[in-house]
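What follows is a short report on a single structure.
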Amino acid sequence: MKLAEFAVKRPVTILMLMAIIAVLGWISLSRLPIDLYPDIEVPVIGVITTYPDAGPFEVENLVTRPMESAMATVNNVKNISSISSRSSSIVIAEFDWGINMDFASLDVREKVDQVRSYLPDEADAPLVVKFDPGTMPIMQLVLKGDRPAHELRYIAEDTVKNRLERLEGVASVDVTGGQEREIRVVLHPGLLAAHGISIDTVSQALRMASLNLPAGSIQDGGLEYTLRTVGEFTSVEEIRSVKVPTSGGGLVSLADIGEIIDGYKDITTISRYNGQPTIKLSIQKEAGSNTVKVAEAVRAAMERLNRELGSDLSLEIAMDTSVYIRESVSGVANNAVTGGLLAIAILLVFLRSIRPTLVIGVAIPISIL
């Protein structure tokens, strides 16, 4: 009764305390970060191995099965599944909840290193990755316009991607679709045999001709300048003029034993939006950053880019996870208001008095804050 008596005798003090609680609660609520997924550690680890130009049968027998056998010996593994496809093997290990995934990842890497020597020499080094929902793209943008596919790709990588990756909270931007530039060196077997040149010799000549190397430093008064030799290719003509040593001790230009084609890579992925060819940009946020704030920054940057790119190009949003977050938060708030009103109505029915009902009705939002 002492608390009740104090509240009745000191109404101004109680009112000030409730106001302080409400203000602090509202400030905390406005600063509370919201995201699509909670900060959890999913007990799943995958091992991805690339075996170029190998069929699914060879990938399963030569890569997937040895990897499954090695991962089966890891502690606390609950389930193992795998996917064997052309040139790729994915082995997924599911662990018990509550274990330290950092130590589990170290155990998996140790087992993978032990079986690495049994894999084919042509297979790439296995990649051990932990499943993290936070690494999924939070937004997907599409760049479309009346431009050639290779030009759209260049604009997306050179302009749009660089601008978006500068934003706070953006970790990376992956570009898909369009055409990528590729310079091919097609060698003629007859000319190689006539000059006694192997493909390894040509490859080594190209590597040695396209290098930037440090060249020491010089001093000028009180300043010291770092020097370097710039040798990377800047044009197709420089590639054509590369000298390749022959078996007879002479040199021959690369253009004399093959053909240099300035073209584009073979298209393996097609990106379309509403039936139109586009360039897709998948945006991933940094760990710990807020999805809604990152999405708002991306939207603002997208509006600026649309004004700068021109009338024949446009950036549009194909997917935005922040929309689902806002809708979820709005649904929670609406349910809270509806529940509070229903609670007040039920109290009024049972108490049959407006005054105590108002007292309890005011206490509900104060308690939430």
Side-chain angles (χ1 to χ4, degrees), residues 50 127 134-186 206-207 209-214 226 228-242 259-287 289 291 293-322:
T50 302
L127 179 64
T135 59
M136 299 176 62
I138 64 168
M139 294 184 72
Q140 287 184 351
L141 308 182
V142 292
L143 175 65
K144 62 181 183 178
D146 297 329
R147 302 280 186 92
H150 65 274
E151 189 173 344
L152 284 175
R153 176 86 184 203
Y154 176 78
I155 295 173
E157 291 183 336
D158 188 66
T159 303
V160 181
K161 178 180 178 180
N162 291 337
R163 291 281 293 275
L164 294 178
E165 287 183 337
R166 298 175 192 171
L167 300 176
E168 184 179 358
V170 175
S172 64
V173 179
D174 295 329
V175 180
T176 308
Q179 289 181 309
E180 295 183 75
R181 187 185 182 189
E182 182 181 65
I183 299 176
R184 301 177 184 176
V185 179
V186 182
L206 286 170
R207 285 197 299 267
S210 182
L211 286 176
N212 288 343
L213 298 174
T226 301
R228 65 189 181 100
T229 58
V230 180
E232 288 187 350
F233 296 133
T234 58
S235 65
V236 179
E237 294 300 326
E238 293 182 0
I239 301 176
R240 291 193 176 99
S241 62
V242 170
E259 183 180 2
I260 291 82
I261 303 174
D262 187 359
Y264 303 97
K265 292 183 179 180
D266 296 333
I267 298 177
T268 57
T269 303
I270 298 175
S271 174
R272 294 183 183 274
Y273 182 68
N274 291 335
Q276 296 181 350
T278 59
I279 306 297
K280 183 180 73 172
L281 298 102
S282 301
I283 301 172
Q284 292 180 326
K285 71 181 184 70
E286 295 177 350
S289 59
T291 300
K293 291 184 178 180
V294 175
E296 291 175 351
V298 171
R299 286 175 178 269
M302 187 186 71
E303 293 178 359
R304 293 191 296 267
L305 284 168
N306 277 328
R307 291 192 296 266
E308 298 173 6
L309 290 175
S311 58
D312 60 334
L313 295 176
S314 65
L315 272 172
E316 295 184 14
I317 298 177
M319 186 271 289
D320 186 1
T321 57
S322 67

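Side-chain atoms are counted along with the backbone in the values below, which use heavy atoms only and exclude waters and symmetry mates.
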Identify the heavy atoms of L313 and G145 that sit nearest to each other, and give their distance. CD2-CA, 3.8 Å
For the atom pair OH (Y273) and CD (Q140), what is the distance rounded to the nearest 0.5 Å? 10.5 Å
Compare every heavy atom of R272 with every heavy atom of G275, then report the nearest pair and how far apart it is. O-NH1, 3.6 Å
Stepwise side chain to side chain contact (heavy atoms under 4.5 Å, CB included) test for I317 and L141: CA-CA 5 Å; I317 298 177; L141 308 182; 3.7 Å; yes
dist H150:NE2 -> E180:CD (nearest 0.5 Å) comes out at 13.0 Å
State, to 0.1 Å, how close K285 and I138 come at their nearest heavy-atom pair, and which atoms those are. CD-CG2, 3.9 Å
Does the distance from a Lys or Arg side-chain N to an Asp or Glu carboxylate O, for R304 and E308, drop under 4.0 Å? no
Quick one: side chain to side chain donor-acceptor pair (under 3.5 Å) partners of K144, sequence neighbours excluded? E316
Closest heavy-atom pair and its distance - L315, N306: N-OD1, 2.7 Å
Rounded to the nearest 0.5 Å, what's the gap from CD on Q276 to CG on D146? Could you check? 8.5 Å
Let me see the working for L206 and I239 under side chain to side chain contact (heavy atoms under 4.5 Å, CB included), right down to the final yes or no. CA-CA 8 Å; L206 286 170; I239 301 176; 4.2 Å; yes
Could you report the tightest heavy-atom contact between E232 and S210, atom names first, then the distance? CA-OG, 3.5 Å
Approximate separation, where rounding is to 0.5 Å, of L309 CG and T159 OG1: 7.0 Å
Distance check, rounded to the nearest 0.5 Å: Q179 atom CD versus E151 atom CD? 12.0 Å
Atom pair NZ (K161) and OG (S172), whose distance is rounded to the nearest 0.5 Å: 8.0 Å
Look at the side chain of R240 and the backbone N and O of I260, then say whether any donor-acceptor pair between them is shorter than 3.5 Å. yes
Measure across I279 and S271 and return the closest heavy-atom pair with its distance rounded to 0.1 Å. C-OG, 4.2 Å
Can you check side chain to side chain contact (heavy atoms under 4.5 Å, CB included) on I183 and F233, steps first, answer last? CA-CA 11 Å; I183 299 176; F233 296 133; over 6 Å; no
Could you list the donor-acceptor pairs under 3.5 angstrom formed by side chains in residues 164-171, with sequence neighbours left out?
{"from": "E165", "atom 1": "OE2", "to": "V173", "atom 2": "N", "distance (Å)": "3.3"}
{"from": "R166", "atom 1": "NE", "to": "N162", "atom 2": "O", "distance (Å)": "3.4"}

Considering only NZ, NE, NH1 and NH2 on the basic side and carboxylate oxygens on the acidic side, decide whether R299 and E296 come within less than 4.0 Å. no
Check this for me: D158, atom CG, are more than 12 non-hydrogen atoms of other residues, nucleotides or ligands nearer than 6.0 Å? yes
Got more than 12 heavy atoms from elsewhere within 6.0 Å of OH, Y154? no
Verdict with supporting geometry, D262 and R181, side chain to side chain contact (heavy atoms under 4.5 Å, CB included): CA-CA 8 Å; D262 187 359; R181 187 185 182 189; 2.8 Å; yes
